Amino acid sequence: MPPNAPSKKPPKSPVWKPSAPRVKRPSVLNNQRQSAKMAPLPGPRPSSLLDFAIMRTSHLFLSTLKEAPSEAELLSHKLMLRAGLIKRLGSGLYTWMPLGLRVLRKVESVVREEMNKAGAQELLMPAVQPAELWQETGRWDVFGPQMLKITDRHERNFCFGPTHEEVITDIARSEIKSYKQLPVNFYQVQTKFRDEIRPRFGVMRAREFMMKDAYSFHADLASLQDTYKVMYGAYSNVFSRLGLQFRAVAADTGAIGGDGSHEFHVLADAGEDLLAYCPTSEFAANVELAEALPPAAPRAAASEALREVDTPKQTACEDVAALLGIGIERTVKAIALVTTAGEFVLALLRGDHNLNEVKIGKVDGMLDFRFATEEEIRSNLNCPPGFIGPVGINANIRVIADRTVAAMSDFVCGANKPKFHLAGVNFGRDLPEPAVVADIRNVVNGDVCPDGKGGVLELCRGIEVGHIFQLRTKYSQAMKAEFLNEQNQLTPMEMGCYGIGVSRIVGAAIEQNHDARGIIWPQAMAPFAVAIVAVGYHKSDAVKAAAEQLYADFSAAGIEVLLDDRNERPGSMFADMELIGIPHRITVGDKALANGEVEYVARRAGEMQKIAIGDALSFIQQQLA
RNA sequence: CGGGGCGUAGCGCAGUCUGGUAGCGCACCUGGUUUGGGACCAGGUGGUCGUGAGUUCGAAUCCCACCGCCCCGACCA
């Protein structure tokens, strides 16, 4: 405690309590301390928030690292830590340092502009929400451990908001009484908290994160669909403006059905979602949902005789195929599953295909299935795993065949006999036709696109950065958010909700835009548009004067510029500017200056070119246009 | 929560097996020499070795418990 701290305890329950009570100091003292610290800075420096666009490295809090902390695995996470954008406080909790916050604000502002343009209105709801609202919709219990529940001094229950449907619906029901007030679309940019099972990848899967969430209210479904389309467009604009490669994909609409939900993914190899898309059409879907069409050609007639083949050690389809010298697409694998009702089921897939658990879950009775244990396989088929197949099994074991398998003939599968497989197997002759034929596999590269336009699917990975959803009346009914329509009837409002992971976008953008030297910011989210590196600033008056002049000119032109005026070696300055990803760099040095020139390097292209110093401003303006 | 790994200076690591004055590189501070791709020399600052409890004359090191973090699986912006 400072010597002049009050000896009296603060009052017990003050209306307002400063976190560190101390006697008021003359403000002059503070100013003196500040100016004493900051006075030695050369040249003009930012004196207020109005000068936000103007910055120099001798003033900016920059903390770069040569080595990434071991906590980070993912490249974007490492780079964010090395560039000093973020700092970890706890698992899934990050401080946005000044440089990082500039980036986050850039993303926010693009999002705000597009939301406003789309007719949404910004508001700000509390981060902490009373339990009662969540109990109304039943989600207090349903949301589960992902929700951070807290208790106040009166033992009342609250949560730190993981999302805001309940709060916004509460607002709507108390404010909106008439169809004349509809439609309306509210949004906010808020800190959310979701107690993730396993936070990882830095800000890409943090527990506390920044999200833009919008909620629209409508008198009817047509109006909801209109706004949904507008928001779809707004989201596309946001990600385009941010300079990201992205894809909107059809998402699971669950019980609601219809064309009601899309996810927006930034394409990146490190993405957690696998996507299928068609390069020649608009089709794109999460692999969990992408339909695998039945083969175009009907099943060929049987041409081989059924025979047993020796497969002493071959349990995997690819090994069996290799042993027999046939393609793996001639093999069929059987996967043993057990339903919650205890039914033992065989799922048949082509050897090179993989089971899609979401799809098979939609087959009758297969909701909440699990994989059979080795004991269950042995007792039902009298055979160890690795050699099981659909031939000669007990007639009451249900066989679910993938569409592809159902169209196969003369295939190879397990013989239900250790160390043997069967070849030349044919449905209808060697075993009954399968009880169920369904789409139960993941699509693969080269599958025919299900939109019927003749394209062929490709797979890629994506990071989900946005999700739009037609909620319909789920919340408005539960919470009685009703209005009077033109016929004077009380009607629940149609609702839509639209989320963007603002902080996640920063990580996703780096994942998509980096090289060995560091981050390469897309223009729209760069913390600074231009870096001026002054080589020999503290040694050469000419360099100093030229760099300061450019800095002043750029600033006056409204360009966000970072002047590197440190007394560092050039290598360090270049390395720092590259690590933090400034898209354009002007180098001012004695050599080029002697010819009246400066050097320009684009962060991405990396090739240096000389520019007359008088042309620097217009040249950069051209680059930024 | 299950399986694996790690906690030693701001960051990266050695030391732990076999107990005996806590080390290296980077960063930071002072002085000097340097200055177009992360300089060099000299001198320095900084660690109750994650926490607690034990064993021991003596614990970073051995024993026990706890906490935290990271990686692999089920959640999602």
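Just so we're on the same page: letters track the sequence lines, and every chain starts at 1. Every value quoted in this text rests on a predicted model; they were computed, and no experiment measured them.
Taking atom CG of residue A:Asp195 and atom P of nucleotide B:A77, one finds them 16 Å apart after rounding to whole Å. Per the geometry, CZ belonging to A:Phe193 stands 14 Å off C1' belonging to B:C75, to the nearest Å. The nearest whole Å value for the distance from the CE atom in A:Met147 to the C1' atom in B:C76 is 15 Å. Atom-to-atom, CG of A:Asn567 to P of B:G38 comes out at 16 Å; the value is rounded to the nearest Å. If you measure from atom CZ of A:Arg566 to atom C1' of B:C28, you get 15 Å, rounded to the nearest angstrom. Between A:Arg88 atom CZ and B:C11 atom P the separation is 10 Å, expressed in whole Å. At whole-Å resolution of the value, CZ in A:Arg198 and P in B:A77 are 19 Å apart. As a whole-Å value, the separation of A:Leu62 CG from B:G10 P is 20 Å.
Comparing atom distances between the A:Lys539 side chain and each of B:U35, B:C70, B:C11 picks out B:U35 as nearest. Among B:G12, B:C70, B:G38, the nucleotide with an atom closest to any side-chain atom of A:Arg82 is B:G38. The side chain of A:Glu67 lies closest to B:G25, out of B:G37, B:A77, B:G25. In this structure, of B:C1, B:G36, B:A77, it is B:C1 that holds the atom nearest to the side chain of A:Ile197. With distances taken from any side-chain atom of A:Arg504 to the nucleotides B:G36, B:C11, B:A77, the minimum falls on B:A77. Of all nucleotides listed (B:C11, B:C76, B:A39), B:A39 comes nearest to the side chain of A:Arg569. Side-chain atoms of A:Asp273 lie closest to B:C76 of the nucleotides B:G38, B:C76, B:G37. Candidate nucleotides B:C71, B:C76, B:G37 were compared by shortest atom distance to the side chain of A:Ala575, and B:G37 ranks first. Here the side chain of A:Lys66 is nearest to one of B:C26, B:G12, B:U35, namely B:C26. Here the side chain of A:Arg200 is nearest to one of B:C75, B:A77, B:U34, namely B:C75.
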Next item on the list: Evaluate the criterion side chain to side chain donor-acceptor pair (under 3.5 Å) for residue pair A:Tyr551 and A:Asp565; output intermediate values, then yes/no.
Entry: CA-CA 11 Å; A:Tyr551 177 62; A:Asp565 58 349; over 6 Å; no

Margin query: Between A:Ser503 and A:Tyr94, is the side chain to side chain contact (heavy atoms under 4.5 Å, CB included) condition met? List the steps.
Written below: CA-CA 10 Å; A:Ser503 45; A:Tyr94 291 88; over 6 Å; no

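Between the side chain of A:Asn442 and the backbone N or O of A:His353 there is no donor-acceptor pair closer than 3.5 Å. Panel note: side chain A:Lys149, backbone A:Trp140; a donor-acceptor pair is recorded below 3.5 Å.
Searching all strands for a Watson-Crick or G-U wobble partner of B:G2 with both distances below 3.5 Å returns B:C72. Across every strand in view, B:G31 sits in a pair with B:C41 that passes the Watson-Crick or G-U test at under 3.5 angstrom. Across the strands present, B:G10 finds its partner in B:C26; the criterion is a Watson-Crick or G-U wobble pair with both atom distances under 3.5 angstrom.
Within the nucleic acid shown, A:Ala206 comes within 4.0 Å of at least one base atom, counting heavy atoms only. Here A:Glu196 lies in heavy-atom contact (under 4.0 Å) with a base. Note on A:Ala68: only backbone sugar-phosphate atoms sit closer than 4.0 angstrom, heavy atoms only; bases stay farther off. At a threshold of 4.0 angstrom between heavy atoms, the contacts of A:Thr587 include nucleobase atoms, whether or not backbone atoms are also involved. Residue A:Val465 is in sugar-phosphate contact alone, with no base atom involved, counting any heavy-atom pair closer than 4.0 Å across all strands shown. Within 4.0 Å of A:Arg585, counting heavy atoms only, lies at least one base atom of the nucleic acid. Counting non-hydrogen atoms under 4.0 angstrom, A:Glu578 reaches a base of the nucleic acid. Using a 4.0 Å heavy-atom distance criterion, A:Arg517 is classed as a base contact. Looking at heavy-atom distances under 4.0 Å, A:Gly466 makes contact with sugar-phosphate atoms alone, never a base. Using a 4.0 Å heavy-atom cutoff across all strands shown, A:Asp576 reaches at least one base atom of the nucleic acid.
A salt bridge is defined here as a Lys NZ or Arg NE, NH1 or NH2 lying under 4.0 Å from an Asp or Glu carboxylate O, and A:Glu196 with A:Arg207 fails to meet this definition. Residues A:Arg139 and A:Glu165 are paired through a salt bridge, judged by an N-O separation under 4.0 Å between the basic side chain and the carboxylate. Salt-bridge check for A:Glu208 with A:Lys192: failed, with every basic side-chain N at 4.0 Å or more from each acidic carboxylate O.
Where stacking is scored as ring centres under 5.5 Å apart with planes under 30°, A:Phe209 registers as stacked on the base of B:A77.
B:G47 and B:G23 have their P atoms separated by 13 Å, with the value rounded to a whole Å. Nucleotides B:G36 and B:U48 place their C1' atoms 47 Å apart, quoted to the nearest Å. For the C1' atom pair drawn from B:C64 and B:A59, the interatomic distance equals 15 Å after rounding to whole Å. Rounded to whole Å, the separation between the C1' atoms of B:A42 and B:C49 comes to 30 Å. To the nearest whole angstrom, the two P atoms, one in B:C69 and one in B:C57, are 38 Å apart. On the C1' atoms, B:C17 is 33 Å away from B:G73, given to the nearest whole Å. Comparing B:U51 with B:U45, their C1' atoms are spaced 27 Å from each other, to the whole Å. For the P atoms, the distance linking B:C62 with B:C75 amounts to 40 Å, nearest Å.
At a cut-off of 3.5 Å, with distance as the only test, a side-chain donor of A:Glu376 or A:Thr373 sits close to an acceptor on the other residue.
The base of B:G36 is not paired with the side chain of A:Asp590 by any donor and acceptor separated by under 3.5 Å. At a cut-off of 3.5 angstrom, counting only N and O atoms as typed in the model, there is no donor on one side facing an acceptor on the other between the side-chain of A:Glu71 and the base of B:G7. You'll find a donor-acceptor pair under 3.5 Å spanning the side chain of A:Arg205 and the base of B:C75, going by distance alone.
Heavy-atom nearest nucleotides on RNA chain B were determined for A:His77 and for A:Glu208, and the one closer to the 5' end corresponds to A:His77.
Checked against the 6.0 Å centroid threshold, A:Tyr215 and A:Phe186 do not count as a close aromatic pair.
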